[in-house]
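Below: the structure, in structure tokens.
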Amino acid sequence: MRQAILGLALTAGFLAAAACHALPVAPAFSTPLAVDNLDSAAFAEWVDGHEQPVALRDGPRHVIWTQTTAPEWDGLRFADSKTAGVRHLRIGWATALPVGTVLVRAGGQVSVLKSTAAYPGDLGDEKQWLPATRLHGREV
């Protein structure tokens with residue numbers, strides 16, 4: 001308990017010092033992703049056993065938050081088909097970026113291209129992708 005109080009006091013002291021010296025504070029939900037990092041050529045969907053480009057006027061900016069843009073309210077209905085089967089959506093970056101937490105709306109599985117796979121990755125080859133770990137319902 002004493003350590004928790006000490007930690008809280010140190011945190012409060014740091015925050016007070018930061019306010020006095022006008023230290024820059026990052027927003028709570030900041031992103032390293034800039035619009036220029038998005039690779040419109042890699043923006044594609046997998047449906048009915050083949051890959052095809054996603055045709056949106058604003059490209060992947062439509063569905064992903066960047067440092068200067070917010071996703072559109074309507075999201076994206078992708079891989080629309082009456083045929084049952086696997087569907088994927090790929091959003092690629094033009095340059096590698098470390099990404100921490102990914103917040104998503106709706107269902108699905110977030111994955112990242114393995115370092116051993118060639119960019120932008122084959123949407124039809126599950127072995128090229130590493131599934132993300134979902135933290136929903138767990139204490140962190």
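Numbers here simply count residues along the sequence, with the first being 1.
Residues satisfying the side-chain hydrogen bond (donor to acceptor under 3.5 Å, both in side chains) test with Thr68, not counting sequence neighbours, are none. Take Asp58 and apply the side-chain hydrogen bond (donor to acceptor under 3.5 Å, both in side chains) test, not counting sequence neighbours, and it matches His62. Under the side-chain contact (heavy atoms from CB on, under 4.5 Å) criterion, Pro98 pairs with no residue at all, not counting sequence neighbours. Judged as a side-chain hydrogen bond (donor to acceptor under 3.5 Å, both in side chains), and not counting sequence neighbours, the contacts of Thr69 are Thr66. With sequence neighbours left out, Thr83 forms a side-chain hydrogen bond (donor to acceptor under 3.5 Å, both in side chains) with no residue at all.
For residues 30-43, no residue pair satisfies the salt bridge (Lys or Arg N to Asp or Glu O under 4.0 Å) rule, not counting sequence neighbours. Listed by first then second residue, pairs satisfying salt bridge (Lys or Arg N to Asp or Glu O under 4.0 Å) with a partner in residues 84-104 read Glu51-Arg90, not counting sequence neighbours. For the salt bridge (Lys or Arg N to Asp or Glu O under 4.0 Å) condition, the pairs that include at least one residue of residues 60-84, sequence neighbours left out, are Arg77-Asp80. Sequence neighbours left out, not one pair with a member in residues 107-131 passes salt bridge (Lys or Arg N to Asp or Glu O under 4.0 Å).
Membership of the apolar cluster around Val112 extends to Leu130, as traced through chained side-chain contacts below 4.5 Å between ILVMFWY residues.
Listed here is the closest heavy atom pair of Ala34 and Gln67: CB-OE1, 3.8 Å. Listed here is the closest heavy atom pair of Tyr119 and Ala42: OH-CB, 3.5 Å.
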**Report entry** Derivation and outcome, side-chain contact (heavy atoms from CB on, under 4.5 Å), residues Leu113 and Trp129
**Finding:** CA-CA 5 Å; Leu113 185 63; Trp129 302 92; 3.7 Å; yes
